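Right, one structure below, let's go through it.
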Amino acid sequence: MSHPAVELDGIWKRFPGVIANAGASLTVRPGTVHAVLGGNGAGKTTLMNCLAGVYLPDEGTVRIDGEEVRFSSPADALSAGIGMVHQEFRLVPVFTVAENVVLGAAPSVLDMAEINQKVAALADRFGFEAEPTRPIWQLSMGERQRVEILKALWRDAKVLILDEPTAVLTPQEAVELGSVLRQMVSEGRSVIFISHKLDEVTSFCDEATVLRDGKTVASSVAIADVDAGQLAELMVGSVSVQQVAPRDATPGDVVLAVDNLTVVDSRGITAVDDISLSVHSGEIVGIAGVAGNGQRQLTDTIAGLDVAQAGTVTISGTDVTALTTRHRVDAGLAYVPEDRLGVGLAPKLPITHNAVMRGYRTMRRGPMLSWDRARAYATGLIEKFDVKIGRMEAPMASLSGGNLQRLLLGRELSDDPRVLVASQPTRGLDVAGVAAIQNLLLEQRDAGAGVLMVSEDLDELLALADRIVVMSEGRIAGEFDPKQVSRTEIGEAMMGAQ
Ligand SMILES: Nc1ncnc2c1ncn2[C@@H]1O[C@H](COP(=O)(O)OP(=O)(O)OP(=O)(O)O)[C@@H](O)[C@H]1O
Ligand SMILES: [Mg+2]
């Protein structure tokens with residue numbers, strides 16, 4: 001019998017105040033797509049970093065094709081055939097697709113034209129569409145991800161690790177990724193696939209290993225033998241997952257109005273093109289659309305992080321177009337941006353500082369911040385929103401993806417905002433987390449907040465939104481009643497076909 005492609009055995013990895021991996025194991029057979037599952041903070045990313053040479057495990061063994069290895073860098077792992085696509089891409093924006101693919105591994109005798117050809121041929125073999133000469137900055141997240149995958153394939157990776165790859169993809173791109181994965185395994189390669197989306201796991205993967213609290217609680221479960229419900233139970237234990245059951249909305253006054261808003265982005269391209277929309281108190285307006293069609297510039301401009309070239313933003317009756325973010329917060333705005341660590345949170349500051357950034361003015365003792373009150377407040381937030389952390393003094397960036405998200409949402413929702421603008425609020429959350437956050441959004445709505453929610457998850461919009469507005473190329477391409485509309489109709493509007 002052939003050796004497993006990957007064997008991780010008894011892996012321990014400790015960080016100050018937290019044990020990320022506590023004797024975890026994983027066995028991946030060649031020619032399979034293997035899911036690694038677990039709740040937020042279960043230790044999935046850390047375990048993969050131990051396999052991909054980012055971390056050296058404190059204890060335990062790593063075997064590739066039956067041979068024990070010790071990688072001291074990602075380059076080491078790559079030369080042994082282990083490639084990893086991280087959730088934050090590591091591409092050079094001004095370089096072309098082909099330049100990024102071959103960066104650091106270019107055969108010196110080839111000229112650029114030949115390299116372009118070879119990269120195109122490689123892409124073709126895996127059924128990718130890739131234009132080798134386009135610069136990265138022009139590409140969507142889905143296209144960038146393909147470049148990352150091509151980079152690993154160019155180096156002939158035998159095992160490809162994908163950490164939550166579909167979190168940034170449109171539904172269509174996710175389906176395409178599935179067929180690329182099938183092509184890879186048909187060539188005898190293996191794929192390790194981390195995802196919180198159980199329907200993808202059941203349709204793309206052959207086997208699954210489940211982590212909980214840094215330990216392996218189920219190994220190499222055959223996907224054919226389980227359903228999504230059973231996988232969810234393995235991940236979160238016996239805790240039942242609360243389903244969302246929205247009631248009908250009772251909209252009140254307009255709390256957020258955007259009138260003829262135009263925003264030109266840093267490249268000089270009109271990202272938001274004369275958009276008008278309003279959100280009433282007590283309703284959720286969902287914005288659907290393929291990423292990169294102006295959603296980010298729209299929400300950033302509402303929050304005061306981007307500048308309007310024309311038009312106005314009105315919050316609770318106050319024209320805030322020329323006012324600062326602080327003034328908008330005072331007018332009742334809460335904002336959960338798409339870029340959590342770049343905009344929403346300060347990655348290097350401790351968790352406590354991040355937790356109190358919104359409400360610190362209520363924690364004063366005289367003119368000074370009361371650290372006792374700040375810490376008490378932060379601790380309360382962490383308990384209420386079930387954020388898994390090590391020490392309060394740890395830098396924000398050390399939290400797992402899903403836990404960052406919980407802290408940010410918790411902070412923004414804690415003082416019952418009148419207007420909540422949330423971009424991809426459940427991206428990267430585990431099943432229990434998704435249900436918890438969706439329920440929170442509905443609670444806010446029922447308490448009278450106006451919610452503007454951007455999501456690429458159509459099912460989520462259909463379940464939560466009272467109205468769906470589709471954005472395409474910076475314009476509104478249609479408004480729909482979620483109870484009346486079909487997925488196809490929304491999909492067509494997303495593609496700009498009205
Ligand atoms: N560099 C680090 N420093 C300190 N703590 C860390 C570091 N990396 C991870 N951790 C902690 O280790 C635990 C496991 O994190 P990890 O990122 O592996 O979880 P995960 O399963 O990938 O979660 P998610 O689904 O939210 O991405 C978390 O409690 C996290 O805060
Ligand atoms: Mg992770």
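Reckoned from all heavy atoms, side chains included, excluding hydrogens, waters and symmetry mates. Everything numeric here is computed off the predicted structure, so don't read it as measured data. Sequential numbering from 1 along the given sequence is applied to the chain's residues.
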Report task. May I ask you to decide if D274's main-chain N or O and R475's side chain share a donor-acceptor pair within less than 3.5 Å? Result -> no
Report summary line: Residues A228 and L198: closest non-hydrogen pair is O-CD1, 3.5 Å
Query raised in the report: So, are D265 and R296 salt-bridged, with charged N and O less than 4.0 Å apart?
Result: no
Query raised in the report: Any side-chain heavy atom of L464 within less than 4.5 Å of one from L442?
Result: yes
Query raised in the report: Is it true that a side-chain atom of N439 and a backbone atom of A435 form a donor plus acceptor pair closer than 3.5 Å?
Result: yes
Query raised in the report: Within the distance-only criterion (no hydrogens, no angle test), does the side chain of R445 pair as donor or acceptor with the backbone N or O of T250 below 3.5 angstrom?
Result: no
Requested in this report: Taking D430 for its side chain and N40 for its backbone only, find out whether a donor-acceptor pair lies under 3.5 Å.
Outcome: yes
Query - Lys/Arg-Asp/Glu bridge criterion (N-O < 4.0 Å) met for K483, D248 - result: yes
Requested in this report: Verify, without hydrogens or angle tests, whether T426 (side chain) and L429 (backbone) share a donor-acceptor contact under 3.5 angstrom.
Outcome: no
Query raised in the report: Does a donor on one side chain and an acceptor on the other come within less than 3.5 Å for D163 and T45?
Result: yes
Requested in this report: Apply the test side chain to side chain contact (heavy atoms under 4.5 Å, CB included) to residues V434 and H196: give CA-CA distance (whole Å), side-chain angles for both, the deciding distance (0.1 Å), then the verdict.
Outcome: CA-CA 9 Å; V434 169; H196 293 291; over 6 Å; no
Report task. Kindly give the heavy-atom pair with the smallest separation between A331 and S316, and that separation in Å. Result -> O-OG, 3.0 Å
**Report entry** Any donor-acceptor pair under 3.5 Å from N260 side chain to G311 backbone
**Finding:** no
Query raised in the report: Is the closest basic N to carboxylate O distance between D330 and R361 below 4.0 Å?
Result: yes
**Report entry** Side-chain touch L407/N354, heavy atoms, less than 4.5 angstrom
**Finding:** yes
Query raised in the report: Between Q309 (side chain) and V264 (backbone), is there a donor-acceptor pair under 3.5 Å?
Result: yes
Report task. Report the residue from I287, D481, I490, L458 that forms a side chain to side chain contact (heavy atoms under 4.5 Å, CB included) with I468. Result -> I490
Report summary line: Heavy atoms of A208 and L231 approach each other most closely as CB-CD2, 4.4 Å
Query - By ring pair (Phe, Tyr, Trp, His ring centres under 6.0 Å) - contacts of Y55 (at least two apart) - result: F15
**Report entry** Aromatic ring pairing F193/F204, orientation class (parallel under 30°, perpendicular over 60°, tilted between)
**Finding:** perpendicular
Query raised in the report: Do you know which two heavy atoms are closest between L256 and I302, and how far apart they sit?
Result: CD1-CG2, 3.9 Å
Query raised in the report: Can you check side-chain hydrogen bond (donor to acceptor under 3.5 Å, both in side chains) on S370 and D372, steps first, answer last?
Result: CA-CA 5 Å; S370 155; D372 287 344; 5.4 Å; no
Requested in this report: Apply the test side chain to side chain contact (heavy atoms under 4.5 Å, CB included) to residues M392 and I382: give CA-CA distance (whole Å), side-chain angles for both, the deciding distance (0.1 Å), then the verdict.
Outcome: CA-CA 10 Å; M392 295 290 275; I382 281 161; 3.5 Å; yes
Query raised in the report: How far apart are the closest heavy atoms of N116 and A98, and which atoms are they?
Result: OD1-CB, 3.1 Å
Requested in this report: Return yes if a side-chain donor-acceptor contact under 3.5 Å exists between Y377 and S414, otherwise no.
Outcome: yes
Query raised in the report: Got a second to check how far T312's OG1 is from L261's CG, nearest 0.5 Å?
Result: 7.5 Å
Query raised in the report: Does the side chain of D227 come within less than 4.5 Å of T202's, by heavy atoms?
Result: no
Query raised in the report: Does the side chain of L153 come within less than 4.5 Å of L160's, by heavy atoms?
Result: no
Requested in this report: Rounded to the nearest 0.5 Å, what's the gap from CG on N403 to CZ on F385? Could you check?
Outcome: 13.5 Å
**Report entry** Pairwise distance CD1(I275) to CG(D259) - rounded to 0.5 angstrom
**Finding:** 12.0 Å
Query - Expected output: side-chain D319 to main-chain T314 donor-acceptor under 3.5 Å - result: no
**Report entry** Point-to-point distance, once rounded to the nearest 0.5 Å, from CD of E479 to CG of L277
**Finding:** 8.5 Å
Report task. Before giving the answer on side chain to side chain contact (heavy atoms under 4.5 Å, CB included), spell out for E176 and R146 the whole-Å C-alpha distance, their side-chain angles and the decisive distance to 0.1 Å. Result -> CA-CA 10 Å; E176 285 165 20; R146 278 172 231 161; 3.4 Å; yes
Report task. Mind listing the closest non-hydrogen atom pair of V97 and L139 along with its distance? Result -> CG2-CD1, 3.7 Å
Query raised in the report: Which value, rounded to the nearest 0.5 Å, describes the distance between K44 atom NZ and L37 atom CG?
Result: 8.0 Å
Query raised in the report: Any sub-3.5 Å donor-acceptor pair from R328's side-chain atoms to T321's backbone N or O?
Result: yes
Query raised in the report: Would you say E148 and R90 make side-chain contact, with heavy atoms under 4.5 Å?
Result: yes
Query raised in the report: Should the heavy atoms of other residues, nucleotides or ligands under 6.0 Å from CD of E131 be counted, would the total exceed 12?
Result: no
Requested in this report: Ignoring hydrogens and angles, tell me if any N or O in the side chain of R144 forms a donor-acceptor pair with the backbone of P93 under 3.5 Å.
Outcome: no
Query raised in the report: Is L333 close to T325 at the side-chain level, that is, under 4.5 Å between some pair of heavy atoms?
Result: no
Requested in this report: Report the distance from atom NZ of K197 to atom OG of S203, rounding to the nearest 0.5 Å.
Outcome: 11.5 Å
Report summary line: Applied to residues 450-464, the salt bridge (charged side-chain N to carboxylate O under 4.0 Å, His left out) test, sequence neighbours excluded, yields R427-E456, D459-R487
Query raised in the report: Do D300 and Y335 come close enough that some side-chain heavy atom pair is under 4.5 Å?
Result: yes
Query raised in the report: Can I284 and Q444 be said to form a side chain to side chain contact (heavy atoms under 4.5 Å, CB included), step by step?
Result: CA-CA 9 Å; I284 298 180; Q444 292 290 319; over 6 Å; no
**Report entry** Close side-chain approach of P74 to M84, heavy-atom, < 4.5 Å
**Finding:** no
